[in-house]
Amino acid sequence: MIKLSNSYFKDLPRYPTKAIQFGDGNFLRAFVDWQIQQMNKKGLFEGGVTIVQSLPTGRVGQLAEQDYLFTVLLEGKSHGENIQTHEIISSVNTGINPYENYDAYLRLAEDENVRFIFSNTTEAGIAYHEGDALSDRPPVSFPAKLTALLYERFKAGKKGFYIIPCELIEDNGKHLKNIVLRYADEWKLGEAFTGWLESENTFCSSLVDRIVPGYPKERAEALWKEWGYEDTMIAKAEPFLIWVIEGPRELEEELPLKKAGLNVVVTDHLKPYRDRKVYLLNGPHTTMACLARLAGIKTVGELMDDPDFYRFIDREMYEEIIPSLDLPKEELTSYAAEIQERFKNPFMEHELDSIALNSVSKFQARLLPTLKKYIERFHKIPMRISLALSGLLVIYGKQDHTLARAIDLPDVLTTFENAYKTDHYVKAILANESLWGEDLTKIDGLLEQVHKGIKLIKNEGARKAVQMANEEELSFEK
């Protein structure tokens with residue numbers, strides 16, 4: 001079978017690079033690159049993307065084998081109708097692996113056509129890494145790599161960028177900017193560079209929402225046969241998307257996503273959108289990854305068809321998360337119902353293993369704020385969120401677990417491994433501020449309830465623990 005490439009599809013349009021994208025994963029390709037393609041099809045943007053591989057192991061090489069072409073497969077419901085479409089995406093021009101060709105990476109700063117920088121390096125990616133230096137080729141962290149690129153841009157006398165991170169952390173644009181400024185100070189890059197960073201670049205916080213389960217490996221060969229070409233980089237996604245960007249109104253002119261008919265909001269106040277999405281959609285996702293995998297459940301759809309786990313997630317959403325949010329209840333319940341319909345998407349085999357990547361930082365961002373708010377309002381531990389934390393510690397404490405394995409950064413895994421060898425594993429982990437941003441043992445009653453949940457999961461299994469929570473048989477009073 002013919003492999004997808006320029007030689008097979010010769011007439012696909014290509015445009016000058018206008019965006020640099022840190023990350024080559026399924027999400028950015030099915031979210032950002034797909035949206036750029038929609039603008040290009042309407043003659044509104046006429047720009048392409050250069051992908052920068054953000055980790056030593058990545059997919060730039062695989063994309064190069066297909067001349068940076070790939071298929072986005074959309075499957076799901078839209079306005080009550082089943083949608084099944086596919087489209088070859090030609091908005092990516094090239095890719096660079098800075099671990100192999102750092103000079104080519106730095107030369108990106110010289111291209112005056114480039115106006116945008118997008119990123120998705122997971123919640124753990126926007127972080128300061130001590131020891132990163134300008135002389136590193138490349139530095140370890142994404143913010144350090146970005147600082148080096150921005151410094152080259154400054155020295156070349158070029159105008160700055162709109163920098164729009166897509167990582168699911170609060171105030172992602174502001175957080176990224178602060179780390180870049182920290183590196184600029186530590187590396188002694190000068191006041192002129194710092195002034196240029198502030199005046200010539202716009203760091204926009206953003207919120208992304210589109211479920212992208214990734215490569216449909218079980219159906220790939222059947223899809224190739226149907227389409228008439230082989231594509232090893234298919235990115236499957238749901239039709240629904242929303243992108244909320246906290247930025248200036250003129251951004252809508254330079255990046256005319258809304259004009260292309262896409263569900264994009266440019267606003268000066270992102271937080272209400274973020275709270276609703278991160279806590280009500282991503283929070284339950286993280287709970288699933290922490291508990292359902294321990295019961296042998298593989299996908300979100302499988303969980304939604306399971307009476308025990310569906311009831312557990314439903315009650316977490318309506319009884320623990322919604323009461324903790326400062327938004328109109330009617331709006332939240334309507335959004336929750338929409339999310340559950342998306343979770344039940346019959347076309348979407350969203351693997352819990354993929355959701356489980358970097359579960360510690362995800363728990364901190366997605367569930368910990370709700371847990372604390374719930375305790376503040378109701379003076380008791382939310383049993384379902386607490387049980388999810390217990391499940392996380394079970395998975396991370398035993399790396400060779402047969403049903404679920406921890407998938408995280410090496411230093412995080414090492415922290416858990418070292419703590420597991422001690423007599424105070426749970427206390428050591430909950431007290432570790434580098435993991436959670438604070439000492440969780442100071443939350444009255446949480447240590448005891450996490451201990452209780454771990455014991456129950458280990459002795460009776462995750463399903464029994466979930467059943468007991470459903471029947472209110474767990475006492476999580478403070």
Side-chain angles (χ1 to χ4, degrees), residues 21-32 35 54-55 117-127 141-143 146 163-179 203-214 235 237-238 240-247 263-265 267 269-290 300 317 321 324-325 327 335 339 342-343 350-373 385 388 392 407-409 412 435-437:
Q21 175 177 302
F22 286 85
D24 50 27
N26 293 309
F27 181 80
L28 283 181
R29 291 188 292 113
F31 188 79
V32 171
Q35 289 187 80
S54 57
L55 295 171
I117 294 178
F118 306 111
S119 69
N120 186 22
T121 55
T122 80
E123 283 90 331
I126 299 183
S141 73
F142 156 56
L146 177 60
I163 301 166
I164 309 177
C166 299
E167 292 83 351
L168 286 174
I169 62 172
E170 189 168 4
D171 293 329
N172 48 19
K174 295 174 184 176
H175 190 46
L176 177 59
K177 180 180 178 180
N178 287 337
I179 300 174
F203 288 77
C204 301
S205 293
S206 86
L207 172 73
V208 298
D209 189 357
R210 171 174 256 182
I211 297 174
V212 179
E238 65 173 340
F240 175 89
L241 72 75
I242 184 171
W243 196 358
V244 185
I245 303 173
E246 192 172 79
N263 190 17
V264 175
V265 177
T267 178
H269 192 41
L270 177 67
K271 192 176 187 302
Y273 296 95
R274 182 194 179 276
D275 287 351
R276 188 183 71 168
K277 188 264 179 176
V278 170
Y279 300 144
L280 262 178
L281 189 152
N282 299 113
H285 263 172
T286 298
T287 295
M288 296 175 191
C290 292
V300 174
M317 293 175 74
I321 299 176
S324 303
L325 295 177
L327 290 168
Y335 184 63
I339 288 171
R342 294 166 64 192
F343 285 169
H350 199 176
E351 294 185 357
L352 295 179
D353 278 352
S354 67
I355 294 172
L357 176 67
N358 297 336
S359 285
V360 173
S361 61
K362 286 177 178 176
F363 190 97
Q364 180 191 8
R366 302 173 175 187
L367 288 172
L368 183 57
T370 304
L371 181 143
K372 292 165 60 180
K373 195 71 173 180
I385 296 175
L392 186 153
I407 313 167
D408 218 310
L409 297 173
V412 172
L435 296 175
W436 316 108

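Nothing fancy with the numbering, it's 1 onward along the sequence. Computed from a predicted model, the values in this text were never measured in an experiment.
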Value for CG (Leu281) from OG1 (Thr286), rounded to nearest 0.5 Å, stands at 10.0 Å
Check the orientation of Phe363 and Trp436. Use parallel for under 30°, tilted for 30 to 60°, and perpendicular for over 60°.
perpendicular
So, is the end of the Arg276 side chain (NZ or CZ) under 6.0 Å from the ring centre of Tyr335 and within 45° of the ring's axis?
yes
To check you understand the geometry: which heavy-atom pair defines the closest contact between Val212 and His350, and what is its length?
O-NE2, 4.2 Å
Is the Phe343 to His285 ring centre distance short of 6.0 Å?
yes
Here the gap from Ser359 atom OG to Leu352 atom CG, rounded to the nearest 0.5 Å, amounts to 10.0 Å
Between Lys362 (side chain only) and Asn282 (backbone N and O only), is there a donor and an acceptor less than 3.5 Å apart?
no
Going from CD1 on Ile211 to CZ on Phe27, what distance comes out if it is rounded to the nearest 0.5 angstrom?
10.5 Å
Lys373 side chain to Leu325 main-chain N or O, any donor-acceptor pair under 3.5 Å?
no
Glu246 (side chain) donor-acceptor with Ser205 (main chain) under 3.5 angstrom
no
Hey, is Arg342 close enough to Asp209 for a salt bridge, meaning N to O under 4.0 Å?
yes
What's the shortest heavy-atom distance between Leu327 and Pro272, and which atoms?
CD1-O, 3.7 Å
Does a side-chain heavy-atom distance below 4.5 Å link Asn120 with Val32?
no
How close do Cys290 and Ala388 get, heavy atom to heavy atom, and via which atoms?
CB-O, 3.2 Å
Donor-acceptor check, side chain of Arg366 to backbone of Tyr279, threshold 3.5 angstrom: yes or no?
no
Positive for side-chain contact (heavy atoms from CB on, under 4.5 Å) with Leu176, one of Ile117, Asp171, Leu146:
Leu146
Under the salt bridge (charged side-chain N to carboxylate O under 4.0 Å, His left out) definition, can you give me all pairs with a residue in residues 350-361, not counting sequence neighbours?
Lys217-Glu351, Arg293-Asp353
So which atom in Ile321 and which in Thr370 form the shortest heavy-atom distance, rounded to 0.1 Å?
CA-CG2, 3.7 Å
Give a yes or no answer on whether the side chain of Asn172 reaches the backbone of Glu167 with a donor-acceptor pair at less than 3.5 Å.
yes
In sequence, state the C-alpha distance, the side-chain angles, and the governing distance for Glu170 and Lys271, and then conclude on side chain to side chain contact (heavy atoms under 4.5 Å, CB included).
CA-CA 8 Å; Glu170 189 168 4; Lys271 192 176 187 302; 3.6 Å; yes
Considering non-hydrogen atoms only, spot the tightest contact between Ile126 and Pro165 and give its length.
CD1-CB, 4.0 Å
Using a 3.5 Å distance criterion without hydrogens, assess whether the side chain of Gln21 forms a donor-acceptor pair with backbone atoms of Phe118.
no
Would you check if Lys277 and Leu168 make a side-chain contact, meaning some heavy-atom pair closer than 4.5 Å?
yes
Less than 4.5 Å apart, side chain to side chain, heavy atoms only: is that true for Leu409 and Val360?
no
Do the non-hydrogen side-chain atoms of Val244 and Arg274 ever get within less than 4.5 Å of each other?
no
Less than 4.5 Å apart, any side-chain heavy atom of Ser361 and any of Thr122?
no
What's the spacing between Leu270 CG and Leu207 CG if we round to 0.5 Å?
5.5 Å
Using a cut-off of 6.0 Å, state whether more than 12 heavy atoms not belonging to Phe240 lie near its atom CZ.
yes
Closest non-hydrogen contact found for Leu371 with Ile385 is CD1-CG2, 3.7 Å
Determine yes or no for a side-chain-to-main-chain donor-acceptor pair under 3.5 angstrom, with Asn263 supplying the side chain and Leu241 the backbone.
yes
